[in-house]
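These notes are about the structure you will find just below.
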Amino acid sequence: MVKKTILAICTLFLLNIVAPTLEAKALTFGELPSKQTSKQWSVQVGQAEKGKGLAKPKKGKYHTYSLVVDNIGKDVLSAEIYMYRNEPNSTTKFALFGCPGEEDCNKNNFEEAISLAKQMNDGYPHKFSNFLLAEKATELEVEIVWTQKGSEGRPLKETFTFS
């Protein structure tokens, strides 16, 4: 009986020490803006724009942020930007943007990719002024897929991970 009591007390004591370290941490930016760059791209997460019709953060559900992607390298022929968040205890990443009404996402993809590239080549970064990120997410992944002259139409890809 005494051994069982001592074992139970030791087990509870160890659980109190180990359990807090197993707690999942949500992605929070200590200081905004948070910026990452490469030879080709600059990606900056910042404060979300506020205004009528824009999403507002909801405590316990999600935060709001802005994102600015700028081409700081060679001119590109086409560009696509994708954003993902992780889900705790899952290897799957969830896209932050989908197709409204389950439309064909690839319908105007080529024209949009060329238009985005032209905009960025002209010195105008692409801005997401206000997007939602679930509080339970611990990672924001920004994926940029592009083509450039001389790459024989082969897509290039770069991933920026904020955690």
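Just so it is clear, the values below take in all heavy atoms, side chains as well, and ignore hydrogens, waters and symmetry mates.
- Ion pair Lys61/Glu135 not flagged as a salt bridge, since none of the NZ, NE, NH1 or NH2 atoms sits closer than 4.0 Å to an Asp/Glu carboxylate oxygen.
- Both Phe162 and Ile144 are members of a single hydrophobic cluster when ILVMFWY side chains are connected at heavy-atom separations under 4.5 Å.
- In summary, the side chains of Thr37 and Ser42 do not present any donor paired with an acceptor at a separation below 3.5 Å, with no hydrogens or angles considered.
- Put simply, the side chain of Tyr82 does not reach to within 4.5 Å of the side chain of Val142, judged on heavy atoms.
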Just do the side chain to side chain contact (heavy atoms under 4.5 Å, CB included) check on Val69 and Trp41 with the steps written out, would you?
CA-CA 7 Å; Val69 178; Trp41 304 103; 4.0 Å; yes

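- In this pair, Phe128 and His126 present their aromatic rings perpendicular. The plane angle is above 60°, beyond the 30 to 60° band.
- Residues Ile81 and Leu156 share a hydrophobic cluster, clusters being chains of Ile/Leu/Val/Met/Phe/Trp/Tyr side chains in contact below 4.5 Å.
- Residues Glu87 and Thr92 have side chains not in contact (no heavy-atom distance under 4.5 Å, counting atoms from C-beta outward).
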Between Tyr84 and Phe94, does a side chain to side chain contact (heavy atoms under 4.5 Å, CB included) hold up when you go through it step by step?
CA-CA 5 Å; Tyr84 301 91; Phe94 293 85; over 6 Å; no

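- Under the ring pair (Phe, Tyr, Trp, His ring centres under 6.0 Å) criterion, Phe131 pairs with no residue at all, not counting sequence neighbours.
- Taking the salt bridge (charged side-chain N to carboxylate O under 4.0 Å, His left out) definition, one finds that Lys157 meets it with Glu143, sequence neighbours left out.
- Within a 6.0 Å radius of CZ in Phe97, other residues, nucleotides and ligands contribute more than 12 heavy atoms.
- Between the side chain of Asn121 and the main chain of Val76, a donor-acceptor pair closer than 3.5 Å is present.
- Side-chain atoms of Gln119 come within 3.5 Å of backbone atoms of Pro125 as a donor-acceptor pair (strictly under, hydrogens ignored).
- Checking side-chain atoms of Asn71 against main-chain N and O of Gly73 turns up a donor-acceptor pair under 3.5 Å.
- Tyr62 belongs to a hydrophobic cluster whose other members, connected by ILVMFWY side-chain contacts under 4.5 Å either directly or through intermediates, are Leu132.
- Atom CD of Gln47 has 12 or fewer neighbouring heavy atoms from other residues, nucleotides or ligands inside a 6.0 Å radius.
- Defined by atom type and a distance below 3.5 Å, a donor-acceptor pair is missing between the side-chain atoms of Ser163 and Glu139.
- Remark: Lys93 engages Glu141 in a salt bridge, criterion side-chain N to carboxylate O under 4.0 Å.
- Looking at Gln148 and Asp75, their side chains never bring a donor and an acceptor atom within 3.5 Å of each other.
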Given the rule in the side chain to side chain contact (heavy atoms under 4.5 Å, CB included) test, do Arg85 and Lys136 qualify, once you have shown the distances and angles that lead to the verdict?
CA-CA 9 Å; Arg85 69 164 174 85; Lys136 61 185 171 185; 4.3 Å; yes

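- In summary, the side chains of Thr138 and Asn86 do present a donor paired with an acceptor at a separation below 3.5 Å, with no hydrogens or angles considered.
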